[in-house]
Amino acid sequence: MFFGADGKPDDDANGIRPVSLLDLARLNRGEYGAVVTSPYLLPCVRLIQPRIVIAIAERRDEADSSETLRKFHGLMAAQADLIATSSEKIYLEMCFRYDHVLYMPNDIEESGTVWTEAISAKLRGESTDVWMHRQWEAQAAFYRNWHERIGDHETICYLLASYQYLLGRSSAKSYLSLSFEQMMIKEFTDCLRTHYRFFSAMDAKEGDLEAAVRVYAITALTDEERSRVRVLQAYLDQGRTDLAKAELFRLNDDYRNAIGTLLRSDDPEAGSHLLRCYLPVYRYQEALQLLERIRKQTPERYLADLLRGTLDMLSGKRHEAIHAFLRAAAKDWLLLGHMAELERWELETEFALGRHRHA
Amino acid sequence: MREIGILTHSFTDAYNGNTDKIYGGGLERYLYDLSGVVKELGCRPVIHQLSASGSFRTELEGIRVIGYDCKQTNLVEAFNRMSAEAGDKIVYSSFIWEPIDYKQGSIGICHGINWDHPGFSPEHKSNVARNVQNALSRLKRIVSVDSHFVTFCRAVCSFDDPERVVLLPNAVDTEEYVPADKEKSERDCLRILYPRRISIERGIVPMMLAADRLLASYPHVAIEFAGEVIEDSLLTKAFRLWLGAHPHRNRIRHQAYTFAQMKTAYQRADIAVIPTIFSEGTSFSCLEALSCGLPVVSANVGGLNDLIIDGFNGLLVSPTEDKIYEAISSLVENEQLRRSLGREARATARAFDKAIWKRKWRTIIADFMESP
Amino acid sequence: MRNETVRKARGNRLTAMLQVRNEADKHLEAVLQDLTDFVDEIVIVDDASTDGTVKLCRSFAKVSKLIELKQSSFHREWELRLLLWNAACETKPGWLLSVDADEFYEDKAKAWMRTLIDQDEYDWVGFRFFDFWGGTTHYREDRLWQIHRRHTRSLVRYIPGYYYFFPRMDHHVPRLPLTYAALPGFLSELRVKHYGWAVSQEELYRKYLRYMERDPNGEWGSLEQYRSILDENPNLVPWKEEA
């Protein structure tokens, strides 16, 4: 979405027409698509009820990366119909969280066609899986080529392992091995959790849960991690493989596969596990729907109010958001802290809109 | 002239360094009135208080005040220092729930149970029980402002003298707090008054939630929040955000009044709400609202249960959004009910008139001065 | 095996592992005698010795496994390391101690050995190794000889299924898998006496020649250090035993 009076001279030539915030409200509902670069624009986007919302996720300054701001940007990604990013780091992270992520590097021509195809698919209500796969393939090929040219390198092998993993291929393991070896040779020793643990996700994906739990157990050093191992072992002993598998994915930050596994599971506890996967990746809409379905199972009664409040805030329903946050706080007054989040949201919104207005 | 030392955590406004003014809270008003009783008996009241703005000595309206610096030490230590330095006739007016080194044979006051939040830990509550037992063993008499502390002592602690704990509810000046003389039903607008500080324990959160619903349901309802905010608190921030762009902002008023002005606020109102969540004695606000003939929606918490009989002189409910909303709605929709509750409210207040309170305290102090 | 027993806090078996070649007339007997007192098993790979090394090894009851190579693999160090590692792991040890035929753990280290391994916090232990010089009373300390200033990892927990990796090199292959570095370790102040240089002037000269022959251009180590083997007055510090 472009708005503000700051159109560049060649915008006309590119068929780009700037729209002011006021004009935005006059656009026909349901006729446009919206591209948002900042979560604070989401309330404006709702005004035109777009057919599709595409979030551009970009790297932000380190100084900007407070937990609250990370949350706002995470919420934007989770709310969008498609997420696009030119940062491969963000891209990979998103691929482990959401089902609708596209890579948009500045220098790869092919991404242009993938883009139009993916948007069209989305508008037809189809899944974007095939386009995600295609991009993973392209990335894997890109790094395989590099690997052949320069030999074993910890980062290249790790990225290659990641794409092979996303594609569900067993060669992921051998590339991860190469990466781990290079880390050791170069004395980057602090990689038990970042590199070695990834084997447990791969084992889990291949269905070898005993091996996966064992690998995870080797990386479990804190009390919290060791208690996770006992839980995992108990799931295996009870034959609750879905829970074990999903938990292994989650412990590897692979929320996407964890959620997929739990959605297919008929384990009576799958719901509460799903909730634990939705929340850290800000999939609040799904979390709220789930909460409404499994209401009786959750001891945290305030949670639904918190989620509702946050979603209202995102839609620009300020008063409703405050009311929902207060409801949560009535159950535990420490949750009043979320009001500070709302204040931050309003500050950032003012800044974002002001910048567009005055630029 | 014999001296009586009154030990308290607060009297003059030592929070903000204004030690030439009495702080505007219920406890401070209570001690001011109590000092008056002491003077009437020909004794000299000396108030020993904790001070966040350094040690000080001053005199206010014939009351000597000694401030003890508590910036560096913990409050209980500072309080015990006061206890050691005050004379031999002492009234302990704070910290009944803390481990205090009481002078044997002194008097204590309990202004209400403040450890009654359902969520507080069992450890905290059993610590309090131990400390109250200590108070009962050392003090000659404990004056309780409500029946709940009396029952707590009997239920949880052991003591030999059945009159060790004396019930003496808070009081209101029924000559000062009188119903408005004008007929309220002539106005189009119905005013609901929350006559408390903007604080968690006073139930501000369920009040705001109920207010949202009332304002949305009843276009003729206006709500007044008559109380101080605690600066720099998360709650104040939340309150201001809520107020800031409220869709019914024009029907919400927030104002802090002096004691003298409060009467007017009650007289302007049609309904008073006391939605306390925990830590409540026989609330001055509730007594004043009753005295002004207001129908009161009150939480069934602490000493409020001593003042309100549900359906007779007010409505008594659990302090939740739903219950408070329902109770207020029923009053909004039923003028007859408002009138009848208001009438009994005023009658109730007479039973808590300040003259009665003074008389009872005089007896207690006189007895105290005669004892060895 | 249950996964929760990845790190056993008690009852760990300790296996010592050695790679030897023509050690019969040197410190081997003393080393094996010493190990017999504090390890549970000893696994040895003999790299085609031509003296009485194998016979000497067999005379120790705790030597549970002895692999005799008929042809020396000295120039394929990677293979040797892997052979010994796999043989040692087959004994299903709780922990492995990698020992050379001229290394002695000080008494204090031996006394602490069980405490070091019967815990579930860390997976390897580093010791301070001292290069004894010219005899067994002094160690050498100067700019080029200060291995004791850092820690050497020689004691490791055996975790079945972990990723063990030796770089495929002909020389200077680490004696234990490199991937232990990723696991949590403990840097102890316990000491190990290395007698490899505690030899006569003539033997030192022979060692110097061997180094220069094997690595004439200093590709694997430093020529300056090789030359310092011949220093006439190296800085020697007397060794003090601790209780």
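Computed from a predicted structure; not experimentally measured. Lettering of chains follows the sequences in order, A, B, ..., and the numbering in each one begins at 1.
Looking at C:Tyr162, both its backbone and its side chain come within 4.5 Å of chain A, counting heavy atoms on both sides. Contact annotation for A:Tyr216: neither backbone nor side-chain heavy atoms come within less than 4.5 Å of a heavy atom of chain C.
Residue C:Asp37 places its CG atom among more than 12 non-hydrogen atoms of other residues, nucleotides or ligands, all under 6.0 Å distant. Heavy atoms from other residues, nucleotides or ligands lying under 6.0 Å from NZ of A:Lys89 number 12 at most. Heavy atoms of other residues, nucleotides or ligands lying less than 6.0 angstrom from CZ of A:Arg149 number more than 12. Atom OH of C:Tyr211 has 12 or fewer neighbouring heavy atoms from other residues, nucleotides or ligands inside a 6.0 Å radius. Within 6.0 Å of atom CH2 in C:Trp239, more than 12 heavy atoms from other residues, nucleotides or ligands are found, so the atom counts as buried in its surroundings. Shown here is C:Asp231, whose CG atom has more than 12 heavy atoms of other residues, nucleotides or ligands within 6.0 Å. Atom CZ of C:Arg114 has more than 12 heavy atoms from other residues, nucleotides or ligands within 6.0 Å.
Smallest separation of non-hydrogen atoms from A:Arg214 and C:Pro160: NE-O, 2.9 Å. The shortest non-hydrogen separation linking A:Leu221 to C:Pro184 is CD2-CG, 3.7 Å. Here the shortest heavy-atom pairing between A:Ala217 and C:Val6 reads CB-CG2, 3.7 Å. Nearest heavy atoms, A:Arg226 versus C:Asp120: NH2-O, 2.7 Å. In terms of heavy atoms, C:Arg7 sits closest to A:Ile218 at NH2-O, 2.6 Å. Nearest heavy-atom pair across C:Ala182 and A:Met184 is CB-CE, 3.6 Å.
To the nearest 0.5 Å, atoms OH (C:Tyr163) and CZ (A:Phe199) are separated by 6.0 Å. In this structure, NE2 in A:His195 is found 13.5 Å from OG1 in C:Thr179, a value given to the nearest 0.5 Å. Residue A:Leu178 holds its CG atom at 9.0 Å from CZ of C:Phe165, rounded to the nearest 0.5 Å.
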With side-chain contact (heavy atoms from CB on, under 4.5 Å) as the criterion, how do A:Tyr196 and C:Leu183 come out once you've worked through the C-alpha distance, each side chain's angles and the decisive distance to 0.1 Å? CA-CA 10 Å; A:Tyr196 180 71; C:Leu183 294 167; over 6 Å; no

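Residue pairs meeting the salt bridge (Lys or Arg N to Asp or Glu O under 4.0 Å) criterion with at least one partner in residues 159-168 of chain A, sequence neighbours excluded, are absent.
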